[in-house]
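Accompanying notes for the structure given below.
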Amino acid sequence: MPADLLAGLEPSPPAREGLGPGAVALRGWALALVPALLSAVDQVAEAAPFRHMVTPGGFEMSVAMTNCGAAGWVTDRHGYRYAADDPMTGRPWPAMPGVLRDLAQAAAEEAGYPGFHPDACLVNRYEPGARLTLHQDRDERDRGHPIVSVSLGLSATFQFGGLKRTDPVRRIPLAHGDVVVWGGPSRLFHHGILPLKDGAHPLLGARRLNLTLRRAL
Ligand code: SIN
Ligand code: FE2
């Protein structure tokens, strides 16, 4: 049998995968936009460099972060919050590149959340070993809006639990180009990323980038 026919028989994950109530993974959804997304991230990081923020408890996060948009998520000894200015540069966060806004809006609509207008994008950079412990995204003013998350580079294991910290947690592999949207009944579900495994991605090397787009203000 020709190789392309055989390839057609390989099991591949469905393009659209329900993860829970109001939550969906759109597999490979951002692939066509990768070059534009990577140059958008470079542009953002030039104005607002990646940095390891400190939790209120005094721990340095293993994930390096920056932001773009009208508001940026920050943490320091005083707590978690959204801020209009980058505390590192004293300047407003760089504007959200149109490609990020448009992708988030289209993905939200595809997931059943029309009319999503993000004003904040947190950019997470993971190197091998970096992780994000189980948490809720709860610093946004109006939780009626979904969260849109775009994964680039090395694959990672996404943990997706429930409203309670002790609820069962699903482990979902997220690959380059995957988009996850959660909102409505799962908007406050606990989630996290297991320690990134070592590897080499053709475009990003030993790195994973994640963009989470939110309506914060
Ligand atoms: C986050 O919860 O802010 C990011 C999740 C991820 O990196 O996929
Ligand atoms: Fe989160």
Side-chain angles (χ1 to χ4, degrees), residues 29-56 60-109 113 115-127 130 132 135 137-143 145-154 156 174 176-183 193 196 201 203-217:
W29 222 70
L31 279 178
L33 290 174
V34 164
L37 293 171
L38 292 180
S39 72
V41 170
D42 282 348
Q43 190 191 312
V44 167
E46 213 167 285
F50 283 100
R51 81 292 306 264
H52 294 272
M53 298 188 205
V54 174
T55 65
E60 187 177 275
M61 299 185 76
S62 58
V63 178
M65 297 176 170
T66 185
N67 289 278
C68 60
W73 186 84
V74 296
T75 172
D76 58 20
R77 292 303 301 230
H78 305 290
Y80 307 127
R81 64 194 173 277
Y82 281 93
D85 293 336
D86 176 352
M88 197 171 129
T89 65
R91 294 189 301 264
W93 295 104
M96 188 182 300
V99 60
L100 295 185
R101 193 194 49 230
D102 294 350
L103 168 66
Q105 191 170 343
E109 175 146 13
Y113 302 100
F116 177 55
H117 299 290
D119 58 8
C121 177
L122 172 66
V123 187
N124 292 320
R125 188 185 68 195
Y126 298 76
E127 283 172 1
L132 203 57
H135 66 278
D137 287 4
R138 53 181 319 141
D139 302 318
E140 299 73 28
R141 190 171 292 165
D142 175 359
R143 282 78 164 268
H145 302 283
I147 303 282
V148 175
S149 147
V150 182
S151 292
L152 298 168
L154 286 182
L174 292 183
H176 182 65
D178 288 351
V179 178
V180 177
V181 183
W182 66 96
I193 291 286
L196 190 74
H201 186 270
L203 287 179
L204 282 157
R207 239 180 274 140
R208 170 179 188 258
L209 292 174
N210 173 264
L211 316 168
T212 44
L213 293 116
R214 302 102 184 262
R215 179 87 200 178
L217 304 180

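Here the structure is a predicted model, which is why all the values come from computation and not from measurement.
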Could you please spell out the steps behind the side chain to side chain contact (heavy atoms under 4.5 Å, CB included) verdict for Trp93 and Val44?
CA-CA 8 Å; Trp93 295 104; Val44 167; over 6 Å; no
Should Leu209 and Phe50 be marked as a side chain to side chain contact (heavy atoms under 4.5 Å, CB included) after you check the CA-CA gap, both sets of side-chain angles, and the distance that decides it?
CA-CA 11 Å; Leu209 292 174; Phe50 283 100; 4.1 Å; yes
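A salt bridge (charged side-chain N to carboxylate O under 4.0 Å, His left out) with Arg214 holds for exactly one of Asp119, Asp139, Asp137; it is Asp137. Among Leu211, Val74, Leu213, Thr212, the single residue meeting the side-chain contact (heavy atoms from CB on, under 4.5 Å) criterion with Leu122 is Thr212. Of the residues listed (Leu204, Val123, Leu100), the one engaging Val41 in a side-chain contact (heavy atoms from CB on, under 4.5 Å) is Val123, and it is the only one.
In this structure, the side chains of Ser149 and Trp182 come closer than 4.5 Å at one or more pairs of heavy atoms. At least one side-chain heavy atom of Arg207 sits under 4.5 Å from a side-chain heavy atom of Arg125. At least one side-chain heavy atom of Val148 sits less than 4.5 Å from a side-chain heavy atom of Val181. At a threshold of 4.5 Å between non-hydrogen side-chain atoms, the residues Tyr82 and Arg141 do not count as touching.
Annotation for Gly177 and Leu31: closest pair CA-CD2, 3.9 Å, computed over non-hydrogen atoms. Annotation for Pro146 and Phe116: closest pair O-CE1, 3.5 Å, computed over non-hydrogen atoms. Closest approach of Ala120 to Ala71, counting heavy atoms only: CB-O, 3.2 Å. When every heavy atom of Cys68 is checked against every heavy atom of Ala95, the shortest pair comes out as CB-O, 3.8 Å. Scanning both residues, Leu154 and Gly205, for their nearest heavy atoms gives CG-O, 3.7 Å. Scanning all heavy atoms of the two residues, the minimum distance from Leu132 to Val63 falls at CD1-CG2, 4.3 Å.
For the pair Arg143 (side chain) and Arg138 (backbone), a donor-acceptor distance under 3.5 Å is present. For the pair Tyr113 (side chain) and Gly183 (backbone), a donor-acceptor distance under 3.5 Å is present. Not one N or O on the side chain of Thr75 forms a donor-acceptor pair closer than 3.5 Å with the backbone of Met53. Checking side-chain atoms of His176 against main-chain N and O of Gly153 turns up a donor-acceptor pair under 3.5 Å. Side chain of Asn210 to main chain of Val150: a donor-acceptor pair is present (N/O by atom type, distance under 3.5 Å, no hydrogens or angles).
Residues meeting the side-chain contact (heavy atoms from CB on, under 4.5 Å) test with His117, sequence neighbours left out: Gln105, Arg215. Legend: residues meeting side-chain contact (heavy atoms from CB on, under 4.5 Å) with Leu33, ordered by chain and number and at least two apart, are Leu37, Val99, Leu103.
Distance CZ/Arg101 to CE/Met96: 8.0 Å, rounded to 0.5 Å. Expressed to the nearest 0.5 Å, how far CD1 of Ile193 lies from CZ of Arg208 amounts to 4.0 Å.
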Show me the side-chain donor-acceptor pairs of residues 83-92 shorter than 3.5 Å, one per line, residues at least two apart or across chains.
from, atom 1, to, atom 2, distance (Å)
Asp86, OD1, Arg51, NH1, 2.8
Asp86, OD1, Arg51, NH2, 3.3
Asp86, OD1, Met88, N, 2.7
Asp86, OD2, Arg51, NH2, 2.8
Thr89, OG1, Arg91, N, 3.1
Arg91, NH2, Ala47, O, 3.3

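When the shell of 6.0 Å around CZ of Arg81 is examined, it contains more than 12 heavy atoms from other residues, nucleotides or ligands.
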